[in-house]
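Residues: numbered from 1 along the sequence shown. The figures that follow rest on heavy atoms only: side chains count, while hydrogens, waters and symmetry mates do not.
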Amino acid sequence: MNGILFGNNNKAIIAKLASRNLKADKSRNLFIMITIAFATCLIMATILYFLEVKELPATALKGCIREYKYS
């Protein structure tokens, strides 16, 4: 026996139900994908902003010292 108890095969029915569920919920799936992409962009923008702010004082200070030295 191939199954757990009786040996029936439900693979085809499960695949059919899964494909119908995906087709029926296209708008929900699209909304979830857009939300995940937006959250990823927001997190990356925040990380890049804080990395730039961390380096900003050192860059600004170098420019001031260079201008003062050659004036």
Side-chain angles (χ1 to χ4, degrees):
M1 290 188 354
N2 197 11
I4 296 173
L5 188 59
F6 294 112
N8 57 355
N9 190 356
N10 294 327
K11 277 188 177 183
I13 294 172
I14 291 172
K16 193 176 190 181
L17 287 173
S19 67
R20 282 185 185 173
N21 188 24
L22 287 174
K23 287 179 185 176
D25 295 333
K26 279 188 180 181
S27 61
R28 180 183 61 103
N29 293 339
L30 181 64
F31 179 73
I32 289 172
M33 288 190 306
I34 290 172
T35 304
I36 290 171
F38 181 69
T40 304
C41 290
L42 188 63
I43 289 170
M44 290 303 296
T46 305
I47 289 171
L48 290 174
Y49 173 75
F50 282 115
L51 287 175
E52 183 67 26
V53 168
K54 184 179 176 183
E55 294 177 4
L56 184 62
T59 307
L61 185 61
K62 285 180 186 176
C64 292
I65 292 173
R66 188 178 304 135
E67 289 176 11
Y68 180 73
K69 189 175 181 181
Y70 294 120
S71 294

Salt bridge (charged side-chain N to carboxylate O under 4.0 Å, His left out) contacts touching residues 27-41 (sequence neighbours left out): Asp25-Arg28
Quick note, salt bridge (charged side-chain N to carboxylate O under 4.0 Å, His left out) partners involving residues 35-51, not counting sequence neighbours, are none
Kindly give the heavy-atom pair with the smallest separation between Lys26 and Lys23, and that separation in Å. CG-O, 3.4 Å
Co-members of the apolar cluster containing Leu17 [side chain, <4.5 Å]: Ile13
Do any pairs count as a salt bridge (charged side-chain N to carboxylate O under 4.0 Å, His left out) and have a residue in residues 33-49, sequence neighbours left out, and if so which ones? none
My understanding is that only residues two or more places apart in sequence, or in another chain, count here; which of them pass salt bridge (Lys or Arg N to Asp or Glu O under 4.0 Å) with Arg20? none
Show every donor-acceptor pair shorter than 3.5 Å between a side-chain atom in residues 39-50 and any protein atom, with sequence neighbours excluded, or say none if there are none.
unit_1: Thr40; atom_1: OG1; unit_2: Ile36; atom_2: O; d: 2.8
unit_1: Thr46; atom_1: OG1; unit_2: Leu42; atom_2: O; d: 2.8

Under 4.5 Å between side-chain heavy atoms, chaining through other members, with only Ile, Leu, Val, Met, Phe, Trp and Tyr counted: pull out the rest of the cluster around Ile34, sorted by chain and number. Leu30, Met33
